[in-house]
Visitor: 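Attaching a single structure in structure tokens format; questions to follow.
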Amino acid sequence: MNTLTLTRPDDWHLHLRDGVFLQTTVAHAAQQFGRAIVMPNLRPPVTTVEQALAYKERILAAIPAGMQFEPLPTLYLTDNLAPAEIVKARQAGILACKLYPAGATTNSDAGVTSLQKIHPVLEAMQAQGMILLVHGEVTDPAIDLFDREAVFIDQQLIPLRRDFPELKIVMEHITTREAAQYVTQADDRLAATITAHHLLYNRNAIFTGGIRPHYYCLPVLKRETHRQALVEAATSGNAKFFLGTDSAPHAAHLKEHASGCAGCYTAHAALELYAQAFEAANALEQLEAFASFNGPDFYNLPRNTNTVHLEKQPWVVPESYSYGEAQLKPLCAGETLSWKLVS
Ligand SMILES: NC(=O)N[C@@H](CC(=O)O)C(=O)O
Ligand SMILES: [Zn+2]
Ligand SMILES: [Zn+2]
């Protein structure tokens with residue numbers, strides 16, 4: 001196969017950041033996707049409807065002329081969010097709220113310290129039909145970093161789903177066989193997004209020939225058996241799995257640092273990277289459902305009606321993109337990719 005036509009895909013987990021950075025991130029995302037669920041972990045986080053709608057306007061203002069892109073803002077759950085804000089959010093067309101366990105990842109300090117504290121908010125979300133997006137890792141420093149997702153499922157997600165059986169939940173950026181299996185066997189109120197980088201790489205990528213900060217993200221890349229389980233899930237045709245890049249830009253100097261930031265930037269070549277992963281699994285014919293159908297179906301939104309085209313056409317990923325005053329090093333910088341998004 002040398003060409004690929006897909007119903008225009010959407011990104012169900014994307015970080016665009018704010019301010020001057022939107023010039024870079026929004027242009028890339030709009031080239032690739034029709035819509036995106038935009039993560040609220042700004043500084044300060046997006047915790048009110050007013051902030052979410054203002055953020056949406058700033059994103060819309062950064063869309064390059066002639067391009068169409070619909071940002072879908074989300075709310076950041078804290079211990080203090082009032083259930084009334086959920087009702088307001090629903091009325092304003094906000095579809096989802098994000099649960100960051102406090103301290104689990106980038107800009108999660110204001111996140112939730114205990115699920116008990118947000119039961120009234122989860123109650124309201126369930127009643128309003130709002131979707132709960134979860135960064136599924138425990139934060140207990142005693143738990144091995146590589147086990148934090150699997151332990152989260154046992155300690156937090158299973159009780160959460162028992163307490164809120166009608167709540168629709170997306171386990172974001174799953175990275176383990178345990179998560180893929182858990183989502184597969186759960187009812188259809190639970191779904192998961194999978195990133196391109198977790199389909200393409202195992203944890204060796206972080207350490208090959210020296211420490212490689214641009215492969216460091218959270219949840220961290222896992223061993224090969226987990227990568228294989230993710231590829232199986234993404235290419236299975238199971239509608240519970242869909243595309244979420246978790247493209248997470250950080251200025252290069254903050255990643256190439258003694259305490260480097262977590263996040264891989266993939267928005268510059270998201271579909272190319274997914275196509276490469278699906279092709280390696282001999283499953284290109286499954287890419288459209290994963291990228292373009294399963295997400296909107298889960299969110300109860302119409303599928304996009306226009307298309308995108310990819311061609312087998314080697315191209316070299318730029319070494320960096322400008323990012324405000326700084327540089328942004330994309331995943332696969334300087335490498336040759338075999339698929340190219342052409343329109
Ligand atoms: N994935 C990451 O490694 N980083 C994300 C946060 C997140 O999605 O957990 C970021 O905002 O930088
Ligand atoms: Zn996360
Ligand atoms: Zn993310």
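Just follow the structure's listing: the first ligand is 1, and inside any ligand the first atom is 1.
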Visitor: What do you reckon, is CD of Glu325 surrounded by more than 12 foreign heavy atoms closer than 6.0 Å?
Guide: no
Visitor: Please determine whether a side-chain nitrogen of the Lys or Arg among Glu178 and Lys222 lies less than 4.0 Å from a carboxylate oxygen of the Asp or Glu.
Guide: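 Here Glu178 does not pair with Lys222 in a salt bridge, since their nearest N and O are not under 4.0 Å apart.
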Visitor: Could you tell me which residues satisfy salt bridge (charged side-chain N to carboxylate O under 4.0 Å, His left out) with Asp154, sequence neighbours excluded, listed by chain and number?
Guide: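 Asp154 satisfies salt bridge (charged side-chain N to carboxylate O under 4.0 Å, His left out) with no other residue.
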Visitor: Which protein residues have a heavy atom closer than 4.0 Å to any atom of ligand 1, listed by chain and number?
Guide: His13, His15, Arg17, Asn41, Thr105, Thr106, His135, His173, Cys217, Leu218, Asp246, Ala248, His250, Ala262, Gly263
Visitor: Should we say atom CD of Glu50 is surrounded by more than 12 heavy atoms from elsewhere, each under 6.0 Å from it?
Guide: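 Atom CD in Glu50 is not packed in, count stays at 12 or less.
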Visitor: Determine which of the N, O or S atoms in His15 is closest to the Zn ion (ligand 3) and give its atom name.
Guide: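 Nearest N/O/S atom: NE2.
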Visitor: Scan residues 35-90 for pairs that pass ring-ring contact (aromatic ring centres under 6.0 Å, His included), counting only residues two or more places apart or in two chains.
Guide: Tyr76-Tyr100
Visitor: Evaluate whether atom CD of Gln68 has more than 12 neighbouring non-hydrogen atoms of other residues, nucleotides or ligands under 6.0 angstrom away.
Guide: no
Visitor: So, Glu172 and Lys98, do they make that salt bridge, N to O below 4.0 Å?
Guide: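 No, no charged N to carboxylate O under 4.0 Å.
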Visitor: Suppose the cut-off is 2.8 Å; which protein N/O/S atoms would you list for the Zn ion (ligand 2)?
Guide: His135 ND1, His173 NE2
Visitor: With distance as the sole criterion, is a donor-acceptor pair present between the side chains of Gln32 and Glu272 under 3.5 Å?
Guide: yes
Visitor: With no hydrogens and no angle check, do the side chains of Arg43 and Asn107 hold a donor and an acceptor under 3.5 Å apart?
Guide: yes
Visitor: Does atom CZ of Arg58 have more than 12 heavy-atom neighbours from other groups under 6.0 Å away?
Guide: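 Yes - once you tally the heavy atoms of other residues, nucleotides and ligands closer than 6.0 Å, there are more than 12.
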